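Notes follow once the structure below has been shown.
For reference, positions follow the sequence shown, starting with 1. Note that these values count all heavy atoms, side chains included, but never hydrogens, waters or copies made by symmetry. Quantities reported herein were computed from a predicted structural model and do not represent experimental measurements.
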Amino acid sequence: QAARFATSFSSWRDFFTARCTEAVADGEVAADTDTAAAVDELQNLLMGTQITAAFGRPEGDVDRLTALLDRFIARFSPSVQ
């Protein structure tokens with residue numbers, strides 16, 4: 001079970017790293033973004049969000065969790081930097 005989780009986690013990390021790197025190259029994310037740190041934050045945010053959603057309202061409300069993710073993504077906008 002642990003090995004399967006590690007493989008899955010690694011696959012998601014690779015996917016998010018590739019997408020984040022593409023976003024930097026495309027100018028959608030600030031050029032000075034630490035992509036490794038951003039991916040670490042994103043993965044942990046998503047894991048926590050999954051647990052929070054399972055507990056239900058009000059913290060697990062879909063609109064509230066979507067806003068949380070939107071705020072996270074907005075931090076990396078070139079216009080914010």
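The CG atom of L68 lies 12.5 Å from the CG atom of D63; values are rounded to the nearest 0.5 Å. Atom OG1 of T35 and atom CG of L42 lie 12.0 Å apart (nearest 0.5 Å).
Summarising the geometry of L65 relative to G60, their closest heavy-atom pair is CD1-O, 3.6 Å, with the distance given to 0.1 Å. Of all heavy-atom pairs spanning P78 and E28, the tightest one is CD-O, 3.3 Å. The nearest pair of heavy atoms linking F72 to A38 is CZ-O, 3.5 Å. Of all heavy-atom pairs spanning T33 and V29, the tightest one is OG1-CG1, 3.2 Å. Between C20 and V39 the shortest heavy-atom distance is CB-CG2, 4.4 Å.
Seen from the ring of F15, R19 counts as a face-on cation partner, given the 6.0 Å and 45° thresholds.
A donor-acceptor pair is defined here as one N or O able to donate and one able to accept, closer than 3.5 Å; such a pair exists between the side chain of Q43 and the backbone of F9. In this structure, S8 contributes its side chain and R4 its backbone to no donor-acceptor pair below 3.5 Å. A side-chain donor-acceptor contact under 3.5 Å links S11 to the backbone of T7.
Looking at Q50 and L46, their side chains never come closer than 4.5 Å, going by heavy atoms from C-beta outward. Contact check for D40 versus R13: side-chain heavy atoms found under the 4.5 Å cut-off.
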Q.
Before you tell me yes or no, could you show the steps for D61 and T66 under side-chain contact (heavy atoms from CB on, under 4.5 Å), namely the whole-Å CA-CA distance, both residues' side-chain angles and the distance that decides it to 0.1 Å?
A. CA-CA 9 Å; D61 178 74; T66 300; over 6 Å; no
